Protein chains: 2
Amino acid sequence: MARLQRLSPSDELRESSRLQVFETIRAAGQIARIDIAQATLISPATVTAITADLLAAGMIEEVSPEAAKGAKRGRPRVALKVRGQAHLIAGMKLSHHAITTLITDFEGTELLCHEIPLPGGQSSPEDLCQQIQSALNASCAAADLDPADISGMAIGMAGVMDADRGFIYWSSSLNQRNVDFGAYLAQHFAMPVFIDNDANLVAKAELLFGHGDRHTNFIVVTVEHGVGMGIVINSQIYRGARGCGAELGHTKVQLEGALCQCGQRGCLEAYVGDYALLREANVTSGVERHRDLASLYAAMADGDMMARSTLDRAGRMFAMGLANVVNIFDPQMIVLAGAQLAFGYLSSDKVIEEMRRWVVQVDAPLPDVRVHGWGNKMWAKGAAAHAIEEVSALRIREVANHAG
Amino acid sequence: MARLQRLSPSDELRESSRLQVFETIRAAGQIARIDIAQATLISPATVTAITADLLAAGMIEEVSPEAAKGAKRGRPRVALKVRGQAHLIAGMKLSHHAITTLITDFEGTELLCHEIPLPGGQSSPEDLCQQIQSALNASCAAADLDPADISGMAIGMAGVMDADRGFIYWSSSLNQRNVDFGAYLAQHFAMPVFIDNDANLVAKAELLFGHGDRHTNFIVVTVEHGVGMGIVINSQIYRGARGCGAELGHTKVQLEGALCQCGQRGCLEAYVGDYALLREANVTSGVERHRDLASLYAAMADGDMMARSTLDRAGRMFAMGLANVVNIFDPQMIVLAGAQLAFGYLSSDKVIEEMRRWVVQVDAPLPDVRVHGWGNKMWAKGAAAHAIEEVSALRIREVANHAG
DNA sequence: TTATTTTTTTTGAAACTCAAATTAAATAAT
DNA sequence: ATTATTTAATTTGAGTTTCAAAAAAAATAA
């Protein structure tokens, strides 16, 4: 939450190297001190000092020396890793019909994944908070854990929010706008609770457990009911001035175009969202030919020209929206994440190729595109990643201020 | 140039506070030590130490104590400012038909502005370098200066380039693609020479001399022959992974739309660029009714529906492109910069209002929009700002490593 | 056994920052 | 005039952090 506050040079310094070492260890999985020094440009002497602090605090541990991989001579390197038992972490994803909870250890290893149904639709902040509590308690009970032992929880939800403040401008899970949900949750949970947009959480998962160590600038585009985006700049989530940027779904792809849920016209979502696909397929033919996307896809497979045309346009619009982001951002990598039927079509090679063609052409490699067809658990995993990072930062600060 | 190289913690620290203090002084114009301490969260003791170094190095100077503004009692504060005489700086803008050179002192105060015509069109790297040398020599001669006394020069030009490497993928001033122009210039000039996209230079001018001290995330959109954009994130120019992002002019606003100079279809530039406006006005009516934009504007003023329709569409497309950037970036401020006729129309209240309507609506203030109708000198001033910043960074590094 | 190699730790010094004390330079009060 | 008060700037001394160099540790090679 309170990430953006300015720090004086002395405070900043005290935290920075420790954090850097710790992040390097986590990113590597296992790594010897000498390699940390090389990766971070911190001297071996300092690495020894810092890792000694982290070891004493129980945040990391030495790996048994089996991995004498190089088989050269010389003193064998001792690998370090994050100590999983250090903390219990909860990640939660609120979707329309369910709450998915993932309990992990401090390394991100899954201990339990649990899903409870939601009444559906939008609820009041109070009700939603209660449902979150129930979900957490149920998950803990299933894993035979005490909720009080959990060191931090992150919750991912669709909507427009200022994650640093925990303030939700709008969310499809809430029946009110402008809710200071973070503050409300803080009162009802003993542990620190973090909130974020779900696309940002996928980005965080990519940073911590995916290819984020090699890419410092990338974007994550999620296709679910709507289209979401997370932006990573300099290995950090970019949140915009008001905390509500990255609204790819509502960028305009057609002047005075199709009507969107948000009330405006020509939004990308109004062409590629599932409701938009069904609307076009049905309204155009005058009768309700398709009740769901599966039917629409089946029709396309059968050679139905109208279905094909609808999906083709959605694909082209999606390519156009992606190309615009690439032209603006020049990311190293694009991660497409989703699980629904539409996702398969929108992440097809044909669409990606079209996107590539629409990017300003220079003699430099175009961004990598990675497709993650992860299931529902991905979102909760992203939330857990977020909580792990936040808890790490809190703990590092403690270590820096206590131990010497 | 070599901005992106990683630094070890000790190197970073040595530079960071000095740089921060220096930037604070420049941003403020004049500021007392006690206020520097407050602004930077650096302790007064350290501010004294750092400013003593900077004074000894001749980079700053004390202001005569006339400005006893507060008229309270107590020891009067002594204001510090950047020492103008410390360095001579050159900023240069290459446009299609001229090279504009601005010589400033280290404060950015203009000493001389000089323009020489260019043969026009595209030239070879060698010729362009010679023309740059001529421009610099002519300017220095006019100001009775020795080119050897200039501490740094920055050159702004239209095109797609990787400013950190000084590598030009494509520029309208060069007849070849993929030129390592920075390296070439480095061989032909004694001073450090920096290259950047012109929109980025306007952003830099805004950061150093404009409202950049209060805004850390903003974008600059330039309307000249084409549409350019500079992105500032965290008070730093964002350059993308390959150094070639921010291509607002080539974001697509219409699927399979109008043909653009770049060979693609539906680019924003293909609707709002001057050539695009003339093309539409003339091709549509079948005869060449307008030879230049002035004629088109006059026609609109006379009530010509065709002219009005052409310009209206350009305005809407521009608003759409801007709205897309806002939806993606959520900047605090948008700076619209330009001087041409089209600029007046594209920066009109009507267009801005339209843009505002197309942004995702949340209960938070929309970005400020500032319109800079600066003339040709603006670009060179931006280049000077860039050179000043780079030379400052070099000098600070020297001070940090020499003095104690 | 001894030499060599490589990793890790220890040591001592240098740099940076800051809190607290001190000095400097003004006005207000007496 | 002189003293008190106020505010800014500097000095001092201590605490951190970092690092280079030296030393120690732990393996293999000779």
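Below, each value reflects all heavy atoms present in this structure, side chains not excepted, and no hydrogens, waters or symmetry copies. Just so we're on the same page: letters track the sequence lines, and every chain starts at 1. Please read all numbers here as calculations on a predicted model, not as lab measurements.
Under the side-chain hydrogen bond (donor to acceptor under 3.5 Å, both in side chains) test applied with A/E107, the options A/Q85, A/R26, A/K81 reduce to a single match, A/K81.
For B/Q20 and C/dC16, the CD to P distance is 15 Å, given to the nearest whole Å. The nearest whole Å value for the distance from the CG atom in B/L19 to the C1' atom in C/dC16 is 16 Å.
Comparing D/dA27, D/dA9, C/dT11 against the side chain of A/P76 picks out D/dA27 as the nearest. Nearest to the side-chain atoms of A/R75 among the listed nucleotides D/dA24, D/dC19, C/dT17 stands D/dA24. Taking every side-chain heavy atom of B/R73 into account, C/dT27 is the closest of D/dA9, D/dT18, C/dT27. Of the candidate nucleotides D/dT18, C/dT17, C/dC18, C/dT17 has the atom lying nearest to any side-chain atom of B/I50. The side chain of A/I42 sits closest to D/dC19 out of C/dC16, D/dT10, D/dC19. Here the side chain of A/A45 is nearest to one of C/dA20, C/dT9, D/dA20, namely D/dA20.
Between A/R165 and A/D180, the shortest heavy-atom distance links the atoms O-OD1, 3.8 Å. Residue A/F194 comes nearest to A/A387 through the heavy atom pair CD1-CA, 4.3 Å, listed as atom of the first residue, atom of the second, then distance.
Of the side-chain N and O atoms in A/T48, none sit less than 4.0 angstrom from OP1 or OP2 of C/dT8. Note on A/S17: every side-chain N or O is 4.0 Å or more away from OP1 and OP2 of D/dT17.
For A/V47 and B/G74, each mapped to the nucleotide of DNA chain D holding its nearest heavy atom, the one lying further toward the 5' end belongs to B/G74.
Under the 3.5 Å distance criterion, the side-chain polar atoms of B/Q332 are matched with a main-chain donor or acceptor of B/T216.
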